[in-house]
Asks: 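The structure's right below; bear with me while I get my questions together.
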Amino acid sequence: MLKGRSLIDPMDFSTEELDEIFDLAHLIKNNPEEYSQICKGRILATLFYEPSTRTRFSFEAAMLRLGGNVIGFSEPNSSSVSKGESISDTIRVVSCYADVVAMRHPKEGAPKIAAMYSDIPVINAGDGGHQHPTQTLTDLFTIKLVRKSLSNITIGVCGDLKFGRTVHSLIKAMSRYENVKFVMISPKELKVPEYIINEVLEKNNIQYEEAEKLEDVMEKLDILYMTRVQKERFFNEEDYIRLKDSYILDAEKMKLAKKDMFVLHPLPRVNEIAYEVDDDPRAYYFKQAKNGMYVRMALMAKQLGVR
Ligand code: NCD
């Protein structure tokens, strides 16, 4: 039962529960009209303490397309947060007004605290460099769509693996499927955190390798997951400038890839995928973004227990 449950970490739901969400997302995607009023009278609150376009719009569009309504802020300075209100108080009040909350916060763990004080389901829409479970639902749904299965797959994750929360969540979630291999491509300074290596990859006996050059590993990948260097999490500008263009996927590099290797990216893209790649049929990131909306529709419908 997903009704009433919060989603803070990608492992909060079992793989069967994820399948339930993906099945509903499929139905909605194929027949949106039929679901256009199922959340009539329901309210989503979006509490965004950190900038976002895609994720917030995706949540808002999702609720509106289910016939519900949306309240919230995208700029904490325009709310009582700027007066010093704590997360626990904000959430207690918001849960009097809304039926489900999506929260993004620069501090790791903030949505988890919120869920402890909330009477309604809380969805982590990204907490610092930590996790981003609804992006992961989007990624898994998309991978399943293009490959028919989440097992037997080699996934390259490339870019800022240190601060990129989407990568942390993706690795965690994919660790539950069979015969998944990871190729982690990053500069030395932006390697995946130790805790992911030890507590997720090593612990579950998952095959992985680390690489510094995309060209060296391109041909073995089934999925290439590109990410942006997370400027806002750097302590100094110089490091960011030095590392920001470490990887640029272009048409030349795409020639090294399998004919059916799909390219994903949580977006926003900065420089890491050249625009020329957009015309390649294997470039899947904009379709992935659209899938994100259907998956969020399915997630909220399940959490609200509507049919
Ligand atoms: C990602 C995020 O916020 O972590 N964006 C998103 O939600 N689609 C990735 C990023 O900001 O680089």
Side-chain angles (χ1 to χ4, degrees), residues 7-10 25 44 46-63 72 74-76 101-112 122-143 155-174 184-187 190 192-193 196 223-234 239-240 243-249 263-273 278 283-297 299-300:
L7 175 60
I8 304 301
D9 184 282
L44 160 71
T46 51
L47 310 185
F48 276 63
Y49 294 79
E50 193 187 72
S52 159
T53 335
R54 213 156 333 267
T55 304
R56 185 169 57 85
F57 284 178
S58 171
F59 268 109
E60 296 185 355
M63 185 46 93
S74 53
E75 178 41 77
V101 176
M103 175 187 271
R104 170 168 287 194
H105 204 286
K107 285 215 180 84
E108 282 87 1
K112 188 170 179 177
V122 175
I123 304 170
N124 177 5
D127 61 328
H130 195 214
Q131 302 289 334
H132 193 348
T134 59
Q135 181 63 47
T136 301
L137 295 190
T138 305
D139 301 339
L140 299 194
F141 179 72
T142 304
I143 294 172
I155 305 184
V157 287
C158 176
D160 186 346
L161 310 185
K162 179 178 181 192
F163 297 116
R165 56 193 171 197
T166 60
V167 169
H168 305 160
S169 287
L170 180 66
I171 294 179
K172 242 180 152 179
M174 286 299 295
M184 307 189 290
I185 309 131
S186 73
L190 298 178
V192 108
I196 298 274
I223 293 283
L224 172 58
Y225 193 92
M226 294 295 295
T227 63
R228 163 182 81 89
V229 175
Q230 306 279 302
K231 181 178 184 188
E232 65 277 32
R233 310 213 193 278
F234 274 75
D239 286 347
Y240 170 70
L243 294 168
K244 74 182 171 65
D245 292 329
S246 299
Y247 301 98
I248 300 179
L249 180 66
V263 183
L264 304 186
H265 190 308
L267 304 177
R269 121 173 92 182
V270 184
N271 261 340
E272 56 281 351
I273 302 180
D278 296 357
Y284 220 77
Y285 24 94
F286 293 115
K287 291 187 184 127
Q288 177 189 4
K290 189 161 188 185
N291 287 339
M293 180 182 73
Y294 294 120
V295 159
R296 290 180 176 102
M297 288 168 85
L299 168 67
M300 290 190 288

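Counting begins at 1 with the first residue of the sequence. Every value quoted in this text rests on a predicted model; they were computed, and no experiment measured them. Both counts, for ligands and for their atoms, begin at 1 and track the order of listing.
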Asks: Minimum heavy-atom separation for G126 and H132, please, with both atom names.
Replies: N-ND1, 4.1 Å

Asks: Could you tell me whether K172 and D9 have a side-chain N and a carboxylate O separated by less than 4.0 Å?
Replies: yes

Asks: Students should be able to answer this: which protein heavy-atom is nearest to atom 4 (O) of ligand 1, and at what distance?
Replies: R165 NE, 2.7 Å

Asks: Just to confirm my output: which protein heavy-atom neighbour is closest to atom 11 (O) of ligand 1, and how far is it?
Replies: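 Ranking protein heavy atoms by distance from atom 11 (O) of ligand 1, first comes R228 NH2, 2.8 Å.
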
Asks: Among Q288, H130, R233, H132, which residue places a heavy atom closest to atom 7 (O) of ligand 1?
Replies: H132

Asks: In sequence, state the C-alpha distance, the side-chain angles, and the governing distance for R56 and T46, and then conclude on side chain to side chain donor-acceptor pair (under 3.5 Å).
Replies: CA-CA 7 Å; R56 185 169 57 85; T46 51; 5.6 Å; no

Asks: For R104, take its heavy atoms, then give the atoms of ligand 1 lying under 4.0 Å from any of them.
Replies: 2 (C), 3 (O), 7 (O)

Asks: Does at least one non-hydrogen atom of S52 fall below 4.0 angstrom from an atom of ligand 1?
Replies: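 Under 4.0 Å: no for S52.
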
Asks: So for T227, does at least one of its heavy atoms come nearer than 4.0 angstrom to any atom of ligand 1?
Replies: no

Asks: Answer yes or no on whether R104 is positioned over the face of F48, meaning its NZ or CZ is under 6.0 Å from the six-membered ring centre and within 45° of the axis.
Replies: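 No, R104 and F48 do not form such a contact.
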
Asks: Checking side-chain polar atoms at under 3.5 Å, does D127 have a donor or acceptor matched by the opposite partner on Q131?
Replies: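 Note: D127 and Q131 side chains miss the donor-acceptor criterion.
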
Asks: Check this for me - ligand 1, P266, N or O atoms closer than 3.5 angstrom, yes or no?
Replies: yes

Asks: Any donor-acceptor pair under 3.5 Å linking the side chain of Y247 with the backbone of S186?
Replies: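 Present.
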
Asks: Quick one: look up the protein heavy atom nearest atom 5 (N) of ligand 1 and list residue, atom name and how far away it is.
Replies: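 Looking only at protein heavy atoms, the one closest to atom 5 (N) of ligand 1 is L267 O, 3.0 Å.
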
